[in-house]
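Report on one structure; see the data block that follows.
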Amino acid sequence: MLNGVQLARAVAAYAVVIYHIACELSYKAGFDAAPFIVGKGGVDLFFVISGFIMVHITRAHETPTGFFIKRVFRIVPLYWLATTAVLVLVAIRPWLVQPALVTPETLAASYFFFPMFDNNMEARPILFLGWTLNYEMMFYALFALALTVPRALRVPTVITLMLAVMVLAPLIPHQAAALFYSQPIMLEFVAGCLIGAVLGTRQAATLFKRVPVWPVTLLGIAGFALAATQSGALPRHLLYGIPAALVVFGLAAQDLYRTPLRASWLSRLGDASYSLYLLHILVFTVLSLAWFPLLGTGPAAQAGYAATALAAATVVSLLSYRLVERPSNTWLRQQWQRATGPAAA
């Protein structure tokens, strides 16, 4: 069990959540959210983890279709449910989700992971957090293509494909897609793939069974601490991507070749990190409707909102994982296996 990587997943999700709590308090109560902007780096940590995990868990006989279908089963049900919930909010209280632009085109793009501009001219779907999933699904599609080549060439192939998309994206005759897929944040998936490839070698196993790797993790944590004071000093993929890669490398190597971290309540929360990431904004939006009109915007009300929002988002994510995310994934895999036979297992 990759308990260290699971811990990183939980930390990544909560970093984003805490940043968005600060943003909500800034918007509703004049709170200074600037010190919490480093929480954006949770997304970069997710991207590096994703690249590593795909290389680490993909089996030699994995088929492109089977791989991609399993990723769809994992991502789509909860995302579609959350997107539909946002559409309901837009229908009831449009001012609650001001950036959301609802047209037939943006609706289709939101459900099927294609970038479109919103009302703020940002390439984000109706559930704005879904912009990260547009990158994830692109990565999964390219990784599936890479499964058509011999195992030894898979990582070089997926890296080549990712770089090709970045370089050629400006030629796409669709402004939002051209802008979105040319962003160097995609290099964070490449970093994760390289970590997975390096740690999968015999040389890495021999080296890291003898050499401690905690200094690498500590260096990554220090990098995030430095990033908290240097917002805007470097491009995002450098400011957050490099610390994220160091953290993932150190924790993954610890899990694989040193004494693995013990499972803890925080690493267990990593299981529900996807639910937490997707649903926390909905929780915050609904909670703030009653909180500030009833309790005001003073320091005590702000602290109470932060604690309540964090607790509520955690409870909702754990319930979502148990009642929606895990059951839907299991059921869809079972149906796929019945339809296609043992090869889809």
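Model, not experiment: these values are computed from the prediction. Just so you know, these numbers use all the heavy atoms, side chains as well, and skip hydrogens, waters and symmetry mates.
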His174 vs Phe114, ring pair (Phe, Tyr, Trp, His ring centres under 6.0 Å): CA-CA, chis, key distance, verdict | CA-CA 11 Å; His174 184 282; Phe114 188 80; 4.9 Å; yes

Take Ser320 and Glu325, measure what side-chain hydrogen bond (donor to acceptor under 3.5 Å, both in side chains) needs, and give me the verdict at the end.
-> CA-CA 6 Å; Ser320 170; Glu325 192 180 337; 4.8 Å; no

Take Asn119 and Gln98 through the test side-chain hydrogen bond (donor to acceptor under 3.5 Å, both in side chains) and record every step on the way to the result.
-> CA-CA 8 Å; Asn119 282 323; Gln98 293 180 5; over 6 Å; no

Begin from the C-alpha positions of Lys28 and Thr297 and carry the test side chain to side chain contact (heavy atoms under 4.5 Å, CB included) through to its verdict.
-> CA-CA 7 Å; Lys28 296 291 177 62; Thr297 58; 5.5 Å; no

Output, in order, the C-alpha distance, side-chain angles, deciding distance and verdict of ring pair (Phe, Tyr, Trp, His ring centres under 6.0 Å) for Tyr19 and Phe36.
-> CA-CA 5 Å; Tyr19 170 61; Phe36 296 89; 8.5 Å; no

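Thr259 and Gln254 form no side-chain donor-acceptor contact under 3.5 Å, judged by distance and modelled atom types alone. For the residue pair Thr84/Tyr111, the side-chain donor-acceptor check at 3.5 Å is satisfied. Judged by distance alone, the side chains of Thr314 and Tyr14 do bring a donor and an acceptor atom under 3.5 Å apart.
In the hydrophobic clustering (ILVMFWY side chains linked at under 4.5 Å, chained through shared members), Val88 is joined by Ile92.
When hydrophobic clusters are built by joining Ile, Leu, Val, Met, Phe, Trp and Tyr residues whose side-chain heavy atoms come closer than 4.5 Å, directly or via intermediates, Leu25 is grouped together with Leu295. Placement of Trp214 and Leu45 in two distinct hydrophobic clusters is found when ILVMFWY residues are connected by side-chain heavy-atom separations under 4.5 Å, directly or transitively. Residues Phe67 and Leu153 fall into different hydrophobic clusters, defined by Ile, Leu, Val, Met, Phe, Trp and Tyr side chains chained together at heavy-atom separations under 4.5 Å.
For the pair Arg154 and Glu62, the salt-bridge criterion is not met [side-chain N within less than 4.0 Å of a carboxylate O].
The aromatic ring centres of Phe143 and Phe139 sit less than 6.0 Å apart. Note: Trp80 and Phe112 meet the aromatic proximity criterion, with ring centroids under 6.0 Å apart.
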